[in-house]
Peer 1: 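One structure follows; several queries about it will come next.
Chain identifiers are assigned alphabetically (A, B, ...) following the order of the sequence lines, protein sequences preceding nucleic acid strands; residue numbering begins at 1 within each chain.
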Amino acid sequence: MKTSTTRFTLSALSLAIMGLAQSGSADTLRLLTWGGYAPENVIDMFEAETGHTVEVTKSNNEEMIAKLRATGGGGFDLAQPSQDRIAGPQMEFGIYKPIDVSKLDQSLFIPSMLSATMANTTVDGAVYGVPHVWGTSGLVLNTAMAGSVKDYTDLCNDDVAGKVSYRLKRPTLIGFAFAMGMDPFAAYGDEAAYTEMMGKVEEKLISCKANVKAYWGGGDELMGLMRSGEAVASMAWDTGGWKLNADNPDITFVAPASGALGWIDTFVLPAKGKADDAAYAWINFVMQPKIAAMITEAAGNFTASKGADEFASADLKARYQASFPPEAVDNIKWYPPVPAGLEAIEGGVLDRVKAAN
Amino acid sequence: MTPDLAPDLNCARLTKRFGDTLAVDDVSFDVPPGSFFSILGPSGCGKTTIMRMIAGFLDPSSGDIRIKGRSMAGVPPNKRPVNMVFQHLALFPMMNIADNIGYGLRRQGLGKAEIARKVDAALERIGLPGIGARKVDELSGGQKQRVAIARCMVLEPDVLLLDEPLGALDLKLREHMKVELKALQAAFDTTFVYITHDQSEALVMSDQIAVMNNGVFEQVGSARDLYYRPDTAFVAGFVGDANRWQGRITAVNGEAMQIETDSGLTLRGARHGRSLNVGDRAEVFVRPEAIRIAGTPEDLQHFDNRITGTVTSLLFNGAASRILVRDTAGEEIEVTLPQSGEYAALSRGDAVHIGWSGDQGNCFPAGAA
Amino acid sequence: MRAEAKLGFILLLTPLLLWLTLLIFIPHVDMFLVSLRERVGVGKHDTSLANYRTFLTEPLYLWTFLRTAVMSVVATAITLIIAFPVSYYIAKIAKGRLQSALFLLCLIPFYVSELVRTFGWMILLRETGLVSNLLLWAGLADQPVEMLYNDAAIMVGLVYTSMLFMVVPLVTTLESLDDSVIEAGYDLGGTGFSVLREIVIPHAAPGIVSGCIVVFMLSLGNYLTPTMLGGKDSLWFTELIYSQFIVRFNWELGAAFGFMLLFLSSLIVWGMLKITGQTLEKTMG
Ligand SMILES: Nc1ncnc2c1ncn2[C@@H]1O[C@H](COP(=O)(O)OP(=O)(O)O)[C@@H](O)[C@H]1O
Ligand SMILES: [Mg+2]
């Protein structure tokens with residue numbers, strides 16, 4: 001019964017908590033974000049410059065949306081879900097409010113990324129998100145022991161049997177679909193086609209299950225598996241691979257043949273946010289190239305800040321270039337917005353894979 | 001039929017130590033078949049320890065226990081032909097009365113029908129027919145008592161051990177159960193070993209009583225022996241009531257002797273074969289009923305102990321009424337009133353004369369108890 | 001005077017009632033209402049039993065529940081079998097300092113969070129973990145042994161986590177059993193086994209039942225232990241609920257699952273009580 005929560009009590013509770021929090025200072029920015037996206041040194045600088053205070057809650061996509069949904073978009077002033085998870089939840093639950101782009105210094109953003117994100121997060125003519133951090137997911141391999149793995153489907157090869165790990169989540173379904181020669185993004189709008197496609201992926205994942213050591217849940221778990229050598233091939237984020245590479249040169253991130261999956265984490269304003277000014281101030285602050293480089297250092301991923309690459313560390317750049325030859329960059333598949341209700345189809349697939357023997 | 005001369009229970013040089021404490025010290029006794037044997041002693045003197053050794057819950061430090069001639073060394077409790085009625089009865093609260101009584105029979109592997117028959121017979125025996133289906137806590141204290149005994153008796157043990165089984169009952173019920181226990185023992189015709197700290201229980205029921213103190217048996221004998229012929233000062237003081245004086249012996253003449261008490265009285269007593277010499281410290285015990293009352297000193301001429309005093313208290317108790325008389329030395333002496341009722345009119349402050357024969361003054365070497 | 005007493009009574013009762021209604025009753029009613037909603041379009045819902053139908057018609061969900069229930073029952077049974085002698089020793093044989101020390105020992109795992117406890121097991125059982133290395137070192141295995149990510153690992157974790165909740169009620173009831181009652185059992189010819197069966201276990205039945213109920217419910221509702229130790233095949237019902245609520249944004253189905261869990265687990269407990277001839281009142285009494 002632990003997981004049973006209800007909108008009523010949660011909103012009652014959060015109202016009470018918000019009341020308490022608000023009474024003190026109106027300039028507290030409650031930030032719902034990923035680990036590494038708001039490092040201490042950046043917060044200190046921001047607080048010193050603007051006088052606002054920042055409270056950080058670390059989370060992930062699903063939890064962010066679940067939290068905001070539980071409170072009807074309250075409890076936080078700024079959140080950072082991925083750009084493909086904005087339009088759908090907004091239509092379904094109405095948990096965000098439009099962003100007034102005029103309050104942002106648009107010159108700080110890489111223009112192509114800004115316009116793509118704004119287009120992807122537009123609902124009924126209003127823009128809901130602007131880009132912040134971007135990266136890819138693909139293969140993290142121990143190249144000495146998993147030489148045969150070039151694409152997601154190669155994780156089912158015999159030579160890595162029992163030494164494979166991936167997440168039982170939607171990126172895995174999408175990645176396998178691409179590797180199997182299909183285009184799931186094109187089928188997003190067609191429920192029947194998508195269902196059929198997922199059916200094939202399901203079959204593949206079930207037949208591949210014996211190869212899997214464990215489905216990883218958190219980044220630390222994956223790190224542990226790869227470091228100890230219990231897993232030699234996995235699906236993961238680029239940063240995870242680069243971090244492991246620093247410890248063990250054999251392990252690194254590899255863009256799969258069918259293309260790495262590109263994601264962009266954004267800034268959105270929760271519907272009941274109370275400190276919009278502080279939120280805009282934060283966005284403008286962290287998009288400055290030098291600050292953005294500090295975030296890149298902490299998070300391991302590059303940002304949509306124009307010119308920040310210059311300040312990024314040489315190590316990181318070298319790893320990035322090793323993983324992404326130019327043709328691989330062009331081959332990145334950027335997630336389009338997830339239509340509402342798609343998760344139900346994927347959920348059924350994931351449940352059945354989990355249950356299969 | 002030749003009489004079975006072997007005792008049902010024989011304990012030889014039984015000793016039990018708990019670390020440094022010597023709970024039972026070299027105790028030997030025999031209990032003849034069919035008799036009611038009591039161990040009487042103050043709390044903590046080692047009674048329960050003896051009983052638990054007989055039942056098999058404790059191993060003796062040394063010595064041997066034989067039941068019907070068979071040594072019990074190494075025999076576990078569930079294999080001994082003795083059963084025990086526990087101080088708090090220890091009926092099984094999770095079973096009804098019939099199951100309680102039938103428990104031991106089930107362990108013996110008897111058939112259901114036979115168990116039921118035996119249980120019914122036992123309930124009949126203890127005067128509680130038809131209560132088999134009741135729960136333990138639906139019975140009164142006396143009924144539980146009888147069930148606890150029946151639970152043991154259906155197994156027809158050679159010896160039944162009872163550890164202060166009346167301790168938890170109220171006074172009235174206790175008086176009643178004393179008589180009943182004796183009757184049950186006669187009815188079952190089994191050897192009972194009964195332990196108690198209450199002398200009246202032991203005196204009323206027992207064929208033989210062992211008086212125990214500090215782990216040793218002070219005296220074993222019939223109630224009459226213990227009462228009238230105590231071997232030790234402890235027994236004289238513990239069994240029955242007695243007035244007691246301490247003093248120094250001033251003259252010895254055969255069995256008779258004279259003692260000067262610490263309070264300044266000169267009393268005559270008898271040593272009943274104990275070795276006492278002039279100058280020894282001694283203790284004299286005189287039973288309240290051995291003392292006579294008279295209106296004039298002349299009526300007490302034939303007694304060699306005579307004291308004049310005043311009545312300080314009247315202890316009315318029907319036929320066993322007593323008075324307390326303060327003597328010239330300021331001590332109070334307990335005296336039983338004659339049953340004829342001739343002194344029933346005495347009141348506080350009245351002057352009385354009391355006297356007793358020197359033969360009734362039981363002398364023991366002092367410091368022995 | 002009477003009115004005052006009544007007021008005092010109401011004041012005393014208010015926090016409890018508030019707690020019950022605000023945190024137990026209202027959420028459940030609300031959750032029940034959520035479970036009755038069916039998504040028919042973007043942001044549109046109808047009232048229907050569709051979510052319950054999904055649960056009952058999708059063999060996967062039923063199977064997951066069944067598996068969770070059976071594993072929980074087994075975990076409860078194993079916990080009982082291990083905890084009973086331990087409790088008996090603590091309650092009846094150990095004395096004084098040893099007794100409290102042993103009791104404390106059962107408590108120690110609860111000084112750290114469940115997460116840390118589970119990680120502890122993972123460190124021990126994983127392929128590159130302590131046990132595996134020990135076996136290699138001792139020559140009992142010629143290659144690393146994976147002991148994690150299977151049902152046995154889940155079982156170990158569940159039993160370990162549940163031990164205290166079984167030991168406490170057992171020790172309490174066993175302590176209330178008079179030593180002389182056990183001795184009487186032997187005195188009247190009982191063997192160790194028959195005393196255990198006819199005297200000790202019937203006496204401890206309320207403790208056994210309440211311990212089993214608590215452990216069963218805790219195992220059934222556990223999330224961390226089965227998911228972390230069970231790995232790719234863990235398949236625990238709470239995992240389904242969690243993913244419906246958090247990953248799929250499908251509160252409606254999640255709420256229905258939650259209610260089915262509540263209902264079915266109550267049914268199982270009721271059935272077990274019936275089978276063993278116990279009642280809840282006896283257990284509480
Ligand atoms: N298990 C034991 N451990 C240590 N000492 C004990 C134990 N049982 C009894 N004793 C000691 O032995 C002595 C006799 O005890 P017990 O036989 O119970 O006396 P009673 O039954 O006459 O009151 C007491 O001093 C008691 O403290
Ligand atoms: Mg005793």
Peer 1: Rounded to the nearest 0.5 Å, what separation is found between the CD atom of A:Glu221 and the CZ atom of C:Phe119?
Peer 2: 7.0 Å

Peer 1: Give me the atom names and distance for the closest heavy-atom approach of C:Gly231 to A:Lys354.
Peer 2: O-NZ, 3.6 Å

Peer 1: Within this structure, what is the OG-NZ distance for the pair C:Ser243 and A:Lys169, rounded to the nearest 0.5 Å?
Peer 2: 9.5 Å

Peer 1: Tell me, side chain or backbone of C:Leu235 under 4.5 Å from chain A's heavy atoms, or both, or neither?
Peer 2: both

Peer 1: With A:Asp351 as reference, evaluate C:Glu239, C:Gln244, C:Glu58 under the side-chain contact (heavy atoms from CB on, under 4.5 Å) test and give the passing residue.
Peer 2: C:Gln244

Peer 1: Taking everything shown except C:Phe25 itself, do over 12 heavy atoms lie less than 6.0 Å from its CZ?
Peer 2: no

Peer 1: Looking at A:Glu92, A:Glu230, A:Lys67, A:Glu63, which makes the most heavy-atom pairs under 4.5 Å with chain C?
Peer 2: A:Glu230

Peer 1: After noting the C-alpha distance and the side-chain angles of C:Asp233 and A:Lys209, does the key distance pass the side-chain contact (heavy atoms from CB on, under 4.5 Å) rule?
Peer 2: CA-CA 10 Å; C:Asp233 294 317; A:Lys209 193 172 181 182; 2.7 Å; yes

Peer 1: Return the minimal non-hydrogen interatomic distance between C:Ile246 and A:Glu62, and the atom names on each side.
Peer 2: O-CB, 3.3 Å

Peer 1: State the CZ-OG1 distance between A:Arg227 and C:Thr128, to the nearest 0.5 angstrom.
Peer 2: 12.0 Å

Peer 1: For C:Lys232, run the side-chain contact (heavy atoms from CB on, under 4.5 Å) check against A:Leu168, A:Val353, A:Val212 and tell me which one passes.
Peer 2: A:Val212

Peer 1: A:Ala344 versus chain C, heavy atoms under 4.5 Å apart: side chain, backbone, both or neither?
Peer 2: neither

Peer 1: What option among C:Met217, C:Arg67, C:Glu146 has the most heavy-atom pairs under 4.5 Å with chain A?
Peer 2: C:Glu146

Peer 1: Heavy-atom pairs under 4.5 Å with chain C - which of A:Gly347, A:Ala214, A:Ala66, A:Ala356 has more of them than the others?
Peer 2: A:Gly347

Peer 1: Is chain A contacted by the side chain of C:Tyr149, its backbone, both, or neither, given a heavy-atom distance below 4.5 Å?
Peer 2: side chain

Peer 1: Does any backbone or side-chain atom of A:Lys213 lie under 4.5 Å from a heavy atom of chain C? Answer side chain, backbone, both or neither.
Peer 2: both

Peer 1: By a 4.5 Å heavy-atom criterion (distance strictly below it), what part of C:Ser265 contacts chain A: side chain, backbone, both, or neither?
Peer 2: neither

Peer 1: Measuring heavy-atom distances to chain A, does C:Leu240 have an atom under 4.5 Å in its side chain, in its backbone, in both, or in neither?
Peer 2: side chain

Peer 1: When rounded to the nearest 0.5 angstrom, what is the spacing between CZ in C:Phe249 and CD in A:Glu343?
Peer 2: 5.0 Å

